[in-house]
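Down below is the structure, laid out as structure tokens.
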Amino acid sequence: MGIALDRIVLREIRMPLVHFFETSFGRTAERRIVIVEVCADGLSGWGEVTCGEHPFYNEEWTDSAWLILRDYAVPDALAGTSSRTSFIRGHYMARGGLEAAMWDLEARRNGVPLWKQIGGGARREIPCGVSIGIQDSVDELLTKIDTEVEAGYQRIKIKIKPGWDVLVVNQVRKRFPQIRLMADANSAYTLADADHLRRLDEFYLMMIEQPLAHDDIIDHAELQAKLATPICLDESILSAHHAEQAIRLRACHIINIKLGRVGGFAEARRIHDAAVKAGIPVWCGGMLESGVGRAHNIALSTLPGFVLPGDVSASRRYWTRDVVMPPVEVNAAGCIAVRDEPGLGYEIDHDYLESITVRREAISR
Ligand code: OSB
Ligand code: MG
């Protein structure tokens with residue numbers, strides 16, 4: 001991408017979630033999201049930084065991303081003509097927000113949809129699943145699953161942690177014997193829990209996501225050898241190199257690709273290609289994104305290897321009002337239709353974006 005940028009605008013927006021979202025590492029009720037706008041020749045490209053509000057899923061959080069962008073990535077992008085930020089160690093989500101914005105800008109300059117710009121287009125509809133957080137009671141969880149199954153979603157992911165796992169999955173399975181079901185532990189277990197985790201095998205889950213440490217591959221390989229349930233890696237895969245190592249060690253049978261976690265479309269594609277080559281299915285993970293990040297995830301999900309339903313779901317599950325128009329919608333078959341407008345395919349709701357912006361910094365060349 002050889003675009004000379006005129007200006008980059010960083011915005012932090014606040015968006016209250018319709019319902020709190022709880023994982024093994026904590027509960028979120030309001031998102032603080034950094035939105036990146038890259039400007040050249042009167043056009044804007046849009047990106048979203050997908051990190052959380054605290055350094056609990058990975059090392060990044062809203063404020064670290066702001067500083068990495070403001071002090072390192074943005075000045076470099078304005079000085080040069082490339083979206084490469086590989087001189088920065090780590091901080092993939094901050095860098096990924098800028099990288100994705102550059103792809104959107106490039107697509108708009110070429111007058112093509114983002115999915116075409118990234119080399120996707122293998123499908124016109126994205127199969128969708130939902131991720132349901134830990135609830136205050138199993139009854140509330142069952143009610144939520146019922147709602148999502150009725151809405152048409154193709155698979156249900158529930159979050160698990162020690163004390164909210166085998167017994168909960170057992171009750172979900174009793175009530176919903178037919179659904180495509182999976183569980184995400186967000187690194188809440190160790191290899192010492194292998195026998196306990198093996199009890200999940202009887203519930204024929206599609207996969208168990210990231211049971212062990214966020215930075216581990218080898219223990220996952222040992223655990224996978226003991227489980228019938230396929231392991232899917234999320235936190236552990238930050239690069240194509242990691243993906244290749246995990247595949248070689250048989251640490252997982254499935255990979256969740258998150259655009260932010262791996263630093264943007266270029267690396268996401270490399271991971272995708274490595275997985276396809278090895279016969280490993282991938283799916284697109286989510287980070288409670290606003291419509292901007294959601295639109296990027298839809299484009300990514302049109303690459304051929306994204307054969308499993310992702311955590312890409314309708315705006316209304318998260319927001320009373322989204323920052324894009326129209327909001328992202330899911331049809332009764334549990335799919336999102338891919339749009340053909342240049343770039344993201346969704347329009348930015350500038351008035352609403354402005355109204356929820358709590359800080360803004362415009363940096364010019
Ligand atoms: O591990 O997939 C995860 C949300 C925040 C942090 C980590 C994860 C998640 C989700 C949400 O599962 C997926 C979504 O955006 O719907
Ligand atoms: Mg996960």
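FYI, the numbering just counts along the sequence from 1. Whatever order the structure lists them in is the order used to number ligands and atoms, beginning at 1. The figures here come from the full heavy-atom set of this structure, side chains too, leaving out hydrogens, waters and symmetry mates. Please read these numbers as outputs of a predicted model, since none were measured by experiment.
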Ser64: side-chain hydrogen bond (donor to acceptor under 3.5 Å, both in side chains) partners, not counting sequence neighbours: none
Residues in side-chain hydrogen bond (donor to acceptor under 3.5 Å, both in side chains) contact with Arg180, at least two apart in sequence or another chain: none
Do the side-chain N and O atoms of [X] and [Y] include a donor-acceptor pair separated by under 3.5 angstrom?
{"X": "Thr229", "Y": "Asp201", "value": "yes"}
{"X": "Arg32", "Y": "Thr62", "value": "no"}
{"X": "Tyr92", "Y": "Lys258", "value": "no"}

Basic-acidic side-chain contact under 4.0 Å: Glu209, Lys157: yes
Centroid separation Trp46 to His350 less than 6.0 Å: yes
Atoms of protein origin (N, O or S) under 2.8 Å from the Mg ion (ligand 2): Asp184 OD2, Glu209 OE2, Asp234 OD2
May I have a table of the N/O to N/O pairs between ligand 1 and the protein that fall below 3.5 Å, each row giving the two atom names and the distance to 0.1 Å?
unit_1, atom_1, unit_2, atom_2, d
ligand 1, 1 (O), Lys159, NZ, 3.0
ligand 1, 1 (O), Asp184, OD2, 3.0
ligand 1, 1 (O), Asn186, ND2, 2.7
ligand 1, 1 (O), Asp234, OD2, 3.1
ligand 1, 1 (O), Lys258, NZ, 3.3
ligand 1, 2 (O), Lys157, NZ, 3.1
ligand 1, 2 (O), Asp184, OD2, 3.4
ligand 1, 2 (O), Lys258, NZ, 3.0
ligand 1, 12 (O), Ser131, OG, 2.9
ligand 1, 12 (O), Lys157, NZ, 3.3
ligand 1, 12 (O), Lys159, NZ, 3.1
ligand 1, 15 (O), Met287, N, 3.3
ligand 1, 15 (O), Leu288, N, 2.8
ligand 1, 16 (O), Tyr318, OH, 2.3

Face-on cation placement of Arg294 at Tyr318 ring, 6.0 Å and 45° thresholds: yes
CG-CZ distance between Asp311 and Arg155, expressed to the nearest 0.5 angstrom: 4.5 Å
